[in-house]
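FYI, the numbering just counts along the sequence from 1.
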Amino acid sequence: MKVYSENKKLYIRDGASLLVIETWGKDSFRVRMTKEAEMDAADWALTENPEMTEVQITKESVDTTDPWYRFDEYAKYHSTGTVYTVKNGKISAVVNSEGWISFYNDRGDLLTAEYWRNRNRINRYCVPLRIDARELKPVVGSSDYELYARFEAFSDEKIFGMGQYQDGLLNKKGAVLELAHRNSQSSVPFFVSTRGYGFLWNNPAIGRVTFANNVTEWYAARTKKLDYFITAGDTPAEIEKNYTAAAGRTPMMPEFGMGYWQCKLRYRNQEELLSVVREHKRRGLPLDVIVIDFFHWSRQGDFRFEKRDWPDPEAMVKELREYGVELVVSVWPTVDEKSENFGEMAENGFLVNADRSNAIHMTWMGNTTFYDATHPGAQKYVWEKCKENYYKYGIKTFWLDEAEPEYGPYDFDNYRYYEGTALSCSNRYPVGYAKGFYDGLVSSGENDIMSLVRTAWAGSQKYAVLTWSGDIYSSFRSMKEQLVAGLSMSMAGIPWWTSDIGGFLGGDISDPDFKELLVRWFAWGAFCPVFRMHGERSPWYEREEEFIDGVRQLTSGQDNEVWSFGEDNYEILKKYIFVRENMRDYTRSIMKEAHESGAPVMRPLYYDFFADEKAADIDDEYMYGPDLLVAPVMSAHVDSRRVYLPAGTSWIELSTGKKYEGGTTVNANAPIDVIPVFAREGAAVADRIEI
């Protein structure tokens, strides 16, 4: 094993393996390792040019038996030898004579360290288990490797981020997470640790991470290299800023994104959609966006309106613009084998391939294959079709559904992309999907860009993605899981997030219990990054099976407008539409902060109150920007709930005007028409909100 420095980088050579530690922006390192002749050039999520910083590389011959030796036990491991230190602002990487890496902040506190258990010198950390901290294990019969990377576990550590999982766990310590996308699951492998660092697993391979009490272990099923990014900061805000400087920040949210969005499954024709908008305006209700959901097309993969039910898109868009309403149109990546575009896309290699069996990936409403969103040519092809069939009418905002993509089944070992095997690169699919539309809109001269996408990976944010939490169930338990999912996505660097208000599956609009759930969820939605009504709404309309030109048409669910749930509930929903509208200036300010610094829009209490030890344990409240604490009601038949108010400031309960000191738990007022919201004392936004 040989350790040496060149060109302001530190290298560890051990036989066929080469590891390099280099600075990657302020207070940050990128660490890569390969067993190939050359390092794989893919940057994956780390696409931004990092800030050039001063780096210091020193080496010291030490005898760790001397009492003056300052490095703690994670750095020693060996009685004598040379220790290398790479310092970049607030973070240092220490490499001991065995080549083992530990990371420290600028106060000398250990952040994290590699997990090694493979030496015969029997002491506390050197044991003969022959477990390495990093392994690239060749996969027989291929040119790929299985990858393992292991780090020490710490009992005092809490982990926030990692994307969206339906597990109800805000603190991921103790969790095992699949590194793969599924409907309602987005793997975004960046987290912020309460030990004062952030960590990105910069690898899009299918895998898993285990945040166990005895070890943290990352696994990638197929890859060419180890690649991760680590950054240090005195606050969570510093850590998020450093990370998003390397992986990209969201653009400024368009003005239409900040208001109320109306959606259902599904508006069946042009007149039905326009009648809903007209009714909104007749009632004097603010409305920024209305959405045309799936199966408004002829066949999947034609990427155009069906002409009978949507006869004049240009006139439709013109009328909506006169009302000040933006139109969002659903696009799916599925291409029917009978689509007018299937043959051309197949011939050009624009479809995802299967290594065995046929290439039909989904059989719902047709035999379909996913287009290959990792293929630059396929990205451009799909955009050009959508430009011709949607954008030319003035439609510039798209709902990019099925972005995992949603295989049936998820046999990742069977699929192959332009970029590589599905096992090696699947998690970048939603990035390419969003990038194709983002690049197309930019090239067409658009600035206010936003795409509603069901899944995201690290770096998706820079392509103006608004993620939502998928086809989740209509229940209070699901509502609680979505709150945690939204906070975890935000801490993983994806600030634009929303859920289907009321849940997607199982909501019967005639059921009083569902109406209560919807009212509570709607009030919470007013304090989410995007305020969007959607849902299947049972029971589905019973219509005879309908065909147009031999293509089966999809029916739709029940009504899903704010006046669809009874007059008493309408008055409550109406109130929260105006609550959202009246705090538009505040929402705009926190969207600007997200754009400029990477700050989450909704975030756990820990983000703003990291000095308060209790704040890190709260998973049923959150901050909407720096000044509003939101505590959604996520239980049935209650009129109050307990709310913890973090220390360091005083709080005003907006529904009562009562003032409370921080560091206390209060019984908040929460009848059916009230969501508990508290403002920092003196916050200007409090004067704009009436709850």
Side-chain angles (χ1 to χ4, degrees), residues 250-257 261-263 266-267 269-270 273-274 277 288-336 339-342 344-345 348 350 371-373 375-403 430-454 460 462-466 496 530:
T250 187
M252 179 61 188
M253 180 177 278
E255 191 68 25
F256 65 79
W261 294 42
Q262 176 59 43
C263 185
R266 65 184 182 95
Y267 295 116
N269 55 56
Q270 183 171 324
L273 180 129
L274 288 172
V277 175
D288 279 61
V289 175
I290 194 162
V291 182
I292 299 176
D293 202 349
F294 61 176
F295 291 93
H296 63 269
W297 43 66
S298 46
R299 289 190 189 275
Q300 295 176 72
D302 287 355
F303 305 113
R304 60 179 171 84
F305 286 108
E306 192 284 313
K307 292 181 179 179
R308 189 198 73 177
D309 288 343
W310 307 90
D312 195 346
E314 187 172 17
M316 174 175 61
V317 172
K318 181 180 179 182
E319 181 174 347
L320 293 174
R321 287 281 162 81
E322 290 172 353
Y323 289 127
V325 175
E326 185 77 12
L327 180 63
V328 175
V329 173
S330 174
V331 173
W332 273 32
T334 46
V335 183
D336 194 297
S339 166
E340 62 190 22
N341 297 317
F342 185 90
E344 184 178 6
M345 295 184 76
N348 285 283
F350 292 166
Y371 97 89
D372 187 349
H375 193 310
Q379 293 174 14
K380 184 176 180 181
Y381 181 93
V382 171
W383 163 250
E384 290 297 331
K385 291 296 180 182
C386 291
K387 182 178 181 180
E388 172 63 23
N389 296 322
Y390 297 119
Y391 180 77
K392 75 176 182 183
Y393 300 127
I395 299 165
K396 62 180 183 179
T397 307
F398 296 90
W399 179 356
L400 309 182
D401 208 338
E402 288 288 323
V431 181
Y433 195 4
K435 183 178 185 298
F437 279 78
Y438 182 85
D439 289 348
L441 288 161
V442 169
S443 68
S444 300
E446 298 296 336
N447 295 312
D448 291 337
I449 300 173
M450 188 179 208
S451 295
L452 180 62
V453 187
R454 193 165 71 185
S460 285
K462 60 179 168 280
Y463 299 120
V465 302
L466 161 63
W496 297 355
V530 165

message: As a quick check of understanding, evaluate salt bridge (charged side-chain N to carboxylate O under 4.0 Å, His left out) for Arg454 and Glu402, giving each step before the final call.
response: CA-CA 6 Å; Arg454 193 165 71 185; Glu402 288 288 323; 3.1 Å; yes
message: As a quick check of understanding, evaluate side chain to side chain contact (heavy atoms under 4.5 Å, CB included) for Lys318 and Glu322, giving each step before the final call.
response: CA-CA 6 Å; Lys318 181 180 179 182; Glu322 290 172 353; 3.7 Å; yes
task: With side chain to side chain contact (heavy atoms under 4.5 Å, CB included) as the test, would you mind laying out the steps for Met345 and Val382 before giving the verdict?
output: CA-CA 9 Å; Met345 295 184 76; Val382 171; 4.0 Å; yes
task: Decide side chain to side chain contact (heavy atoms under 4.5 Å, CB included) for Asp288 and Val325; before the verdict, give the C-alpha distance in whole Å, the side-chain angles of both, and the deciding distance to 0.1 Å.
output: CA-CA 5 Å; Asp288 279 61; Val325 175; over 6 Å; no
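Counting only heavy atoms from C-beta outward, the side chains of Val331 and Cys386 approach each other to under 4.5 Å. Taking the side chain as every heavy atom from C-beta outward, Val328 and Ile290 never approach each other to under 4.5 Å. Considering only heavy atoms from C-beta on, Val442 comes within 4.5 Å of Ile449 through its side chain. When side chains are defined from C-beta on, Val335 does not count as touching Gln300, because their heavy atoms never get closer than 4.5 Å. A 4.5 Å side-chain heavy-atom check between Val530 and Met253 finds at least one atom pair inside the cut-off. Residues Tyr393 and Met316 fail the side-chain proximity criterion, which asks for heavy atoms closer than 4.5 Å. Between Trp496 and Thr250 there is a side-chain heavy-atom pair separated by less than 4.5 Å. Counting heavy atoms from C-beta outward, Leu327 and Thr397 have side chains that stay 4.5 Å or more apart.
A centroid separation of 6.0 Å or more is found between the aromatic rings of Trp297 and Phe303. In this structure, the ring of Trp399 has its center no less than 6.0 angstrom from the ring center of Phe294. Here the two rings, on Tyr463 and Phe437, have centers that are 6.0 Å apart or farther. Between Phe350 and Tyr371, the ring center distance fails the sub-6.0 Å criterion.
Side-chain atoms of Ser298 and Glu306 include no donor-acceptor pair closer than 3.5 Å. Looking at Ser339 and Asp302, their side chains do bring a donor and an acceptor atom within 3.5 Å of each other.
Atom OH of Tyr267 sits about 10.0 Å away from atom CH2 of Trp310, to the nearest 0.5 Å. Once rounded to the nearest 0.5 Å, the distance linking CD of Glu326 with CG of Leu320 reads 9.0 Å. To the nearest 0.5 Å, atom SG of residue Cys263 and atom CG of residue Leu452 are 8.0 Å apart. Within the model, atoms NZ of Lys387 and CD1 of Ile395 stand 14.5 Å from one another, a figure rounded to the nearest 0.5 Å. Between atom OH of residue Tyr433 and atom CG of residue Asp372 there is a gap of 13.0 Å, rounded to the nearest 0.5 Å. Taking CG of Leu441 as the start and CG of Asn447 as the end, the distance is 10.5 Å to the nearest 0.5 Å.
Between Trp383 and Gly436, the closest heavy-atom pair is CB-O, 3.9 Å. Contact record, Met450 with Pro254: CB-CG, 4.1 Å, taken as the closest heavy-atom pair. Here the shortest heavy-atom pairing between Ala434 and Leu400 reads CA-CD1, 3.9 Å.
Looking at Asn341, its side chain does come within 3.5 Å of a backbone N or O of Gly301 through a donor-acceptor pair.
Ring planes of Trp332 and Phe295: perpendicular class, angle over 60° (limits at 30 and 60°). In this structure, His296 and Phe305 have tilted ring planes: the angle between them lies in the 30° to 60° band.
A salt bridge is defined here as a Lys NZ or Arg NE, NH1 or NH2 lying under 4.0 Å from an Asp or Glu carboxylate O, and Arg304 with Glu388 fails to meet this definition.
Other residues, nucleotides and ligands contribute at most 12 non-hydrogen atoms within 6.0 Å of the NZ atom of Lys380. Atom NZ of Lys392 sits in a crowded spot, with more than 12 heavy atoms from other residues, nucleotides or ligands closer than 6.0 Å.
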